[in-house]
Amino acid sequence: MSLSNLRKVIFPAAGLGTRFLPATKATPKEMLTIVDKPLIQYGVEESLASGMDEIIIITGRGKRTIEDHFDVSVELERSLRDSGKDALYHKVSYVSRMADVAYVRQKHPRGLGHAVACAAPWIHHEPFGVVLADELILSSVPVMQQLRMVYEKTGCSVVALSEVSPEEVHQYGIVAYEQEGDLMRLTDMLEKPKKEDAPSNMAIIGRYIFTPRIMALLQQVQPGSGGEIQLTDAIAELAKSEGVYGVVVDGQRFDAGNPLGFLKANAAIGQQHPEYGDAFKDFLNEL
Ligand code: G1P
C-alpha cells in the first residue's frame, strides 16, 4: 500500500448534538461558530494543512447548512464583488473552493463506527483520516500532520491521545499501551469505561488515520457502549491484527461540543485573532 495516497478525511457530522441543546436544536453542532468560522471549517483547514484535501462529510437530517457552507453562494459572492467588499468576497469564495467535499447520508443514528462505515464505498482500499470537528486543537504542527508522520513511519493506523483526569475517563475511548521506543503501541482500548475499569488515563481525542482494513472490522463489530457501533471497538480489533499507534498530541485542545469547552475555545482563539485579538484582550482585562 502506498503511504503517500493519504488524501481523504471523513468528518462524521450526523450526531444530534445533545450536549449543546437548545443551541443545536435547529443548528448542526458542527456549524457553531468559534469567533468567525464554524467548527467544521477549522477541522477542514487542519486537514488541508496536513495534505489531505478530499473531504467526506457524513450528514443526517437537519444538516443542510453544512452543505450550504462549503457550496458556492453565487448571489452572495456577486453582491460582495459588485459592492467592492473584496476582503469579504475572498473569505467567502475561499470556503467554497478550499477542498473537494462529498456528502454521505447516515440514515440511522447507529453510532460513530457506523457513521465512518457509511463512507466505505468512497474509500477504495485507501488509507484515510477521521476528524471529529467538535474537538478543536490549536497547535503549531497541525494534529493530522502529527499523526501522518507516525503513519508514514510505521504504515499502521494512528490515533491522537491526550491525558484526562480519572473523573473524565467515562466520556472517552481510553487506551492501554506499551512504549515501543518513542512510539506508543496500543494493546487494547475501551469506550467510555468506568473510572475503575479504565486501562489508563490516555483518551482518544477525535483524530485518527486508518488503514482501509478498519472498514471490514466495522462491518463485524457488535453494538457496544450505549448500544451503538463503536469506532473504538473496531480499533481494538485492528490493534490485535495490524497494530495501531497512539500519539500524545502537541497542542491546546478544546472539547468545543459542550458549552464550557466552546467558551474556552472562543476565548483562546478570540485573543489570537488578527483583527479582533487586541481589543478582545483589553475587554477581558477590564472584566
Ligand atoms: C467519541 C469517541 C470516543 C472519543 C471521543 C472524543 O465519543 O467515541 O472514543 O474519545 O469521541 O471526543 P463521543 O464524544 O462522540 O461520544
Side-chain angles (χ1 to χ4, degrees), residues 9-21 24 28-30 32 34 39-40 42-43 46 57-60 63 106 109-118 129-138 143-144 147 157-177 184 186 188-195 197-210 214 217-218 221-239 244-249 251-262 264-265:
V9 185
I10 299 174
F11 281 73
L16 297 176
T18 46
R19 290 187 300 159
F20 221 132
L21 284 167
T24 46
K29 170 175 74 173
E30 297 75 16
L32 296 174
I34 304 290
L39 266 174
I40 194 164
Y42 288 89
E46 180 189 319
I57 302 181
I58 313 297
T59 67
K63 301 283 183 168
Q106 183 186 17
R110 292 195 184 131
L112 179 60
H114 177 254
V116 171
C118 287
V130 173
V131 169
L132 306 187
D134 54 357
E135 293 273 1
L136 188 59
I137 306 162
L138 298 182
V143 177
M144 287 306 273
L147 299 194
S157 299
V158 189
V159 305
L161 301 173
S162 183
E163 199 170 341
V164 296
S165 73
E167 283 62 45
E168 293 173 306
V169 292
H170 71 279
Q171 300 171 31
Y172 297 99
I174 303 291
V175 302
Y177 60 93
M184 292 166 79
L186 306 190
D188 201 3
M189 63 209 69
L190 288 177
E191 180 66 13
K192 303 194 172 77
K194 288 191 200 137
K195 190 158 97 177
D197 299 332
S200 74
N201 55 352
M202 283 295 177
I204 301 174
I205 53 158
R207 299 289 187 281
Y208 313 78
I209 288 175
F210 290 119
I214 192 82
L217 295 172
L218 282 168
V221 290
Q222 297 301 310
S225 168
E228 298 185 332
I229 303 290
Q230 294 294 348
L231 184 56
T232 302
D233 295 342
I235 308 172
E237 289 303 315
L238 193 62
V244 177
Y245 288 91
V247 172
V248 179
V249 299
Q252 195 180 7
R253 165 183 165 253
F254 301 96
D255 182 358
N258 75 65
L260 181 60
F262 178 81
K264 289 180 183 174

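Atoms within a ligand are numbered from 1 in the order they appear, just like the ligands themselves.
A donor-acceptor pair under 3.5 Å is formed between the side chain of Lys63 and the backbone N or O of Ala13. Under a 3.5 Å cut-off, the side chain of Glu46 and the backbone N or O of Met144 do form a donor-acceptor pair. Remark: side-chain polar atoms of Ser200 are paired, donor with acceptor, to backbone N or O of Val175 under 3.5 angstrom.
Considering only non-hydrogen protein atoms, atom 8 (O) of ligand 1 sits nearest to Glu191 OE2, 2.7 Å. Shortest contact from atom 11 (O) of ligand 1 to any protein heavy atom: Leu132 CD1, 3.3 Å. For atom 10 (O) of ligand 1, the closest non-hydrogen atom on the protein side is Ile204 O, 2.6 Å. Among all non-hydrogen protein atoms, the one lying nearest atom 12 (O) of ligand 1 is Glu135 OE2, 2.6 Å.
Checked against a 3.5 angstrom limit, the closest N/O atoms of Thr232 and ligand 1 fall inside it. Below 3.5 Å of separation, one finds an N or O of Gly173 facing an N or O of ligand 1. Between Leu112 and ligand 1, no N or O atom pair is found at a separation short of 3.5 Å.
Under a 4.0 angstrom heavy-atom cut-off, Lys192 registers as being in contact with ligand 1.
Few gaps surround NZ on Lys192; more than 12 heavy atoms of other groups in view lie less than 6.0 Å from it.
In terms of heavy atoms, Pro12 sits closest to Ile10 at CD-O, 3.4 Å.
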Stepwise side chain to side chain donor-acceptor pair (under 3.5 Å) test for Glu191 and Ser225: CA-CA 6 Å; Glu191 180 66 13; Ser225 168; 5.4 Å; no

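Residues passing the salt bridge (Lys or Arg N to Asp or Glu O under 4.0 Å) test with Arg253 are Glu135, sequence neighbours excluded.
Per-atom contact check: atom 14 (O) of ligand 1 does not touch the protein, criterion being a heavy-atom distance below 4.0 Å.
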